[in-house]
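Not measured: the values here are computed from a predicted model. Throughout, protein chains are lettered first and strands after them, A, B, ... in sequence-line order, and every chain is numbered starting at 1.
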There are 2 protein chains.
Amino acid sequence: MELTAAEENYLKVIYKLSDGGKTSISTNDLAAAMSMKPASASDMIKRLAEKKLLDYRKYYGAELSELGKKQAIEVIRRNKLWMVFLADRLKFSWDEIDQVADELEHTRSGLLLSRLEEFLGYPKVDPHGEPIPDVSGAIQTRPRIPLLALPIGQSAQIVSVKDSSPAFLKYLDKIGAYIGAQVKLLDKVEFDGSIELLVDQKRTVFMSSSIAANLLVMP
Amino acid sequence: MELTAAEENYLKVIYKLSDGGKTSISTNDLAAAMSMKPASASDMIKRLAEKKLLDYRKYYGAELSELGKKQAIEVIRRNKLWMVFLADRLKFSWDEIDQVADELEHTRSGLLLSRLEEFLGYPKVDPHGEPIPDVSGAIQTRPRIPLLALPIGQSAQIVSVKDSSPAFLKYLDKIGAYIGAQVKLLDKVEFDGSIELLVDQKRTVFMSSSIAANLLVMP
DNA sequence: ACAAACGATTAGTCAAGGCTAAAAATTAAT
DNA sequence: ATTAATTTTTAGCCTTGACTAATCGTTTGT
Ligand SMILES: [Mn+2]
Ligand SMILES: [Mn+2]
Ligand SMILES: [Mn+2]
Ligand SMILES: [Mn+2]
């Protein structure tokens, strides 16, 4: 079953919007996430339904089928492996990666993918700290909590960022809060939820709650 | 001027068929080289002419314009850099490379290309020994002659292969005649043009003239 | 309960890029 | 010089995947 690049793009976004294909998504949400018009999304939903990639009841939203889920995960796997290549080997910064990986992810060649994975040393997470699905489609999730949920005085490792905007990533860079950095929550301000953080045992940083809310850590 | 993948594929093939864009090519030849129907090639030629990528007189063939030549060389450059990546880093064998590189070559990102080139160490030749155009489009050709034209007793380095068929490449592998290998022409049989060759100062090989005709060497 | 608002689908259009079949132009053979 | 063969172009059709405008269904506010 050969999917086109457009179909793969839709599947990937549907998967992400619907929390791993578990919940139903609306036409307008899909269109917005794809930066397209609702009519186009509606069209594509109908076609994906015909190909049995999702279950669809008119006017009531779409949900990925098992097959659709499998295909979406495959695309995500390709995307993340290319992300690792771009970040680790080609020294792309976080904010430059996504667009290029969105193109490379559609190169269809089983050999390419397995060789790339081997070349990269079988990475387990992408540059944002998200787990990479393995060859069978299994996604190994690690226990992680929002930085804000960490008890005062406890240390943890930054494992993931929820926002990918250049501004946000640039800020993280500035304070040294990269993926894998060790942090310790020194204090929480009750009033506005802002926090005081020790980064890599070196630097103390004050951070607003809206920033902290986008960081996930592993205690 | 954004070119589609289809347009880039045609330009690349036109360039190669027409000896660097210098001579005019026919619709049928182009169609055959693209594995498409003459009607489709005719269609595309018309569109490329409208975009000033080639000069075209109905019924009399097409020739690349300076602009078209420049674009074609750019595609070839991307193609060859990916080839080097696939061969050197992902350990693809010669016969597995071409199809995948034909897909990767269309990924459009100036940053990607320059970083990839840097990562690969600014290679000068592709895995077949063909020179890689530099960033300005210049192609540095090296003096090279057919193996058959080498005088008896003279040594030379294999720099390029003219055939890319799996069977041929497999044979070269077997006798150790990779790109860069040092060879010495020991003897020529007048009758059938076959030759006796010393490969890498180690092995003596007998080779038919049809094989030898596909090897280019640098004395 | 019904109208208005909102969300989703359909109808119709377009461009790219393939195809087949038919027509036209060129080239080769008698 | 005609005719025949070959090459090239055109005409018409198809699919994908976008769009706008119009319509249809559902949900909400009064
Ligand atoms: Mn994509
Ligand atoms: Mn290509
Ligand atoms: Mn067309
Ligand atoms: Mn459609």
Can you tell me how far [atom2] of [N] sits from [atom1] of [X], to the nearest Å?
X	N	atom1	atom2	value
A:Glu50	D:dG17	CD	C1'	14 Å
A:Asp43	D:dT16	CG	P	11 Å
B:Met44	D:dT10	CE	P	16 Å
B:Glu2	C:dA15	CD	P	19 Å
A:Ile45	C:dG7	CD1	C1'	12 Å
B:Asp29	D:dT8	CG	C1'	12 Å
B:Leu30	C:dG18	CG	P	11 Å
B:Ile25	D:dT7	CD1	P	15 Å

Sugar-phosphate only, base, or nothing, as touched by B:Ala39 at under 4.0 Å among non-hydrogen atoms: base

[options]: which one has an atom nearest the side-chain heavy atoms of [X]?
X	options	value
B:Ser42	C:dA8, C:dT27, D:dT9	D:dT9
A:Ala6	C:dG18, C:dA16, D:dA18	D:dA18
A:Asn28	D:dT9, C:dG17, C:dG7	C:dG7
A:Tyr56	C:dA8, C:dG17, D:dT16	C:dA8
A:Tyr59	D:dT8, D:dG25, C:dG17	D:dG25
A:Lys37	D:dT20, D:dT9, D:dT16	D:dT20

Any [X] side-chain N or O less than 4.0 Å from OP1/OP2 of [N]:
X	N	value
B:Lys58	D:dT7	no
B:Ser26	D:dT7	no
A:Arg47	D:dT16	no

Should B:Ser26 and B:Asn28 be marked as a side chain to side chain donor-acceptor pair (under 3.5 Å) after you check the CA-CA gap, both sets of side-chain angles, and the distance that decides it? CA-CA 6 Å; B:Ser26 79; B:Asn28 272 4; over 6 Å; no

Between A:Arg108 and A:Glu8, is there a salt bridge with N-O shorter than 4.0 Å? yes

Distance-minimising heavy-atom pair for A:Leu147 and A:Ile195: CD2-CD1, 3.7 Å

Does A:Ser65 reach the main-chain N or O of A:Leu53 with its side chain, forming a donor-acceptor pair under 3.5 Å? yes

Nearest-nucleotide wise, let me know which of B:Ser40 and B:Lys51 is further upstream toward the 5' end of DNA chain C. B:Lys51

Both A:Met34 and A:Tyr60 contact DNA chain D. Which one's nearest nucleotide lies toward the 5' end? A:Met34

Classify the ring geometry between B:Phe119 and A:Phe85 as parallel (under 30°), tilted (30 to 60°) or perpendicular (over 60°). perpendicular

